[in-house]
Amino acid sequence: MKRYLLALALVACTPSFVMAQAAPTALTEHQIRTRLAEQGYTKINDLDFKDGVWKADARSADGNRVQVKLDPRSGRVYPNEQVAQMSERDVRAALSAAGYTDIHDVDYDGGIWLAKADDPAGRDIKLKLDPDNGKIFGVEKN
């Protein structure tokens with residue numbers, strides 16, 4: 001009888017043990033803050049693990065306030081709106097390094113960066129830039 005009870009107890013414990021071993025480890029609060037910072041988020045507030053995901057209020061790279069949810073295992077960020085990975089300062093620096101001058105009216109709108117500047121030849125132009133890498137994909141005369 002003792003052997004039967006012992007065997008029954010082992011069988012009953014096995015699924016829990018197997019499930020505990022198979023479940024991926026969730027990221028810690030520090031790791032989540034690091035992931036957000038790496039993706040350009042700042043002023044991370046109200047970081048909380050709730051309803052199976054990490055949630056936070058933060059500022060995106062373009063300075064907008066956003067609410068984000070994060071996968072607790074991978075750290076993938078799901079913002080409540082499309083955000084740029086570059087800040088306005090990053091855009092200005094990239095344009096300056098590419099030879100543009102008089103950079104002004106830098107704005108994040110409709111999921112892309114917009115800017116006005118003088119190109120290296122001195123022409124006044126409007127630029128459209130990729131929000132993630134700053135690559136210019138549209139140029140028109142101002």
Side-chain angles (χ1 to χ4, degrees), residues 3-142:
R3 285 185 182 171
Y4 174 75
L5 289 175
L6 181 60
L8 185 60
L10 287 173
V11 169
C13 291
T14 301
S16 298
F17 175 74
V18 170
M19 286 176 60
Q21 293 295 318
T25 305
L27 296 172
T28 65
E29 180 177 341
H30 176 74
Q31 290 170 319
I32 291 295
R33 285 186 183 279
T34 301
R35 297 273 171 107
L36 286 167
E38 289 171 350
Q39 294 183 37
Y41 293 94
T42 61
K43 298 185 181 179
I44 301 160
N45 298 310
D46 300 327
L47 181 60
D48 191 27
F49 187 78
K50 186 175 179 182
D51 301 325
V53 297
W54 284 100
K55 296 179 180 181
D57 294 325
R59 291 240 181 221
S60 61
D62 60 356
N64 289 329
R65 289 183 182 156
V66 294
Q67 295 174 346
V68 294
K69 293 180 182 174
L70 295 95
D71 182 313
R73 288 171 206 76
S74 71
R76 181 171 176 186
V77 179
Y78 298 96
N80 67 338
E81 62 183 55
Q82 177 65 29
V83 296
Q85 296 300 313
M86 298 181 70
S87 68
E88 178 180 342
R89 183 175 44 202
D90 296 333
V91 171
R92 288 178 180 275
L95 290 174
S96 182
Y100 293 90
T101 58
D102 190 27
I103 301 163
H104 60 284
D105 294 340
V106 178
D107 190 33
Y108 185 73
D109 187 31
I112 61 171
W113 279 105
L114 305 171
K116 295 179 182 176
D118 292 338
D119 70 6
R123 294 178 294 236
D124 189 23
I125 57 172
K126 293 180 184 178
L127 303 160
K128 292 177 178 58
L129 300 97
D130 183 292
D132 297 326
N133 59 25
K135 180 180 175 186
I136 298 169
F137 65 87
V139 178
E140 62 182 300
K141 292 181 182 180
N142 194 10

**Request:** Under the side-chain contact (heavy atoms from CB on, under 4.5 Å) rule, collect the residues that match up with T28, sequence neighbours excluded.
**Result:** H30, Q31
**Item:** Partner residues of N142 under the side-chain contact (heavy atoms from CB on, under 4.5 Å) criterion, sequence neighbours left out
**Value:** K116, D124, K126
**Message:** For L36 and L70: C-alpha separation, side-chain torsions, deciding distance, then whether side chain to side chain contact (heavy atoms under 4.5 Å, CB included) applies.
**Reply:** CA-CA 9 Å; L36 286 167; L70 295 95; 3.9 Å; yes
From [atom1] ([X]) to [atom2] ([Y]), nearest 0.5 Å:
X    : Y    : atom1 : atom2 : answer
D102 : D119 : CG    : CG    : 11.5 Å
K141 : R123 : NZ    : CZ    : 7.5 Å
D105 : L127 : CG    : CG    : 11.5 Å
I125 : E140 : CD1   : CD    : 9.5 Å
R65  : S60  : CZ    : OG    : 11.5 Å
D62  : M86  : CG    : CE    : 11.5 Å

Measure across [X] and [Y] and return the closest heavy-atom pair with its distance rounded to 0.1 Å.
X    : Y    : answer
L129 : G134 : CD2-O, 3.1 Å
P72  : G52  : CG-O, 3.3 Å
A98  : P120 : O-CG, 3.9 Å

**Complete:** The complete set of salt bridge (Lys or Arg N to Asp or Glu O under 4.0 Å) pairs with one or both residues in residues 83-100, sequence neighbours excluded, reads E88-R92
**Asked** Which pairs, with at least one residue in residues 27-42 and sequence neighbours excluded, count as a salt bridge (Lys or Arg N to Asp or Glu O under 4.0 Å)?
**Response** E29-R33
**Prompt:** With V68, which of I44, V77, D57 fulfils side-chain contact (heavy atoms from CB on, under 4.5 Å)?
**Reply:** V77
**Item:** Derivation and outcome, side chain to side chain contact (heavy atoms under 4.5 Å, CB included), residues W113 and L95
**Value:** CA-CA 12 Å; W113 279 105; L95 290 174; over 6 Å; no
**Item:** Where at least one partner belongs to residues 33-72, residue pairs that pass ring pair (Phe, Tyr, Trp, His ring centres under 6.0 Å), sequence neighbours excluded
**Value:** F49-W54
**Item:** Qualifying ring pair (Phe, Tyr, Trp, His ring centres under 6.0 Å) pairs, either residue in residues 115-142, two or more places apart
**Value:** none
**Message:** Between K128 and L114, is the side chain to side chain contact (heavy atoms under 4.5 Å, CB included) condition met? List the steps.
**Reply:** CA-CA 5 Å; K128 292 177 178 58; L114 305 171; 3.7 Å; yes
**Request:** Applying side chain to side chain contact (heavy atoms under 4.5 Å, CB included), run through D48 and D46 and close with a yes or a no.
**Result:** CA-CA 6 Å; D48 191 27; D46 300 327; over 6 Å; no
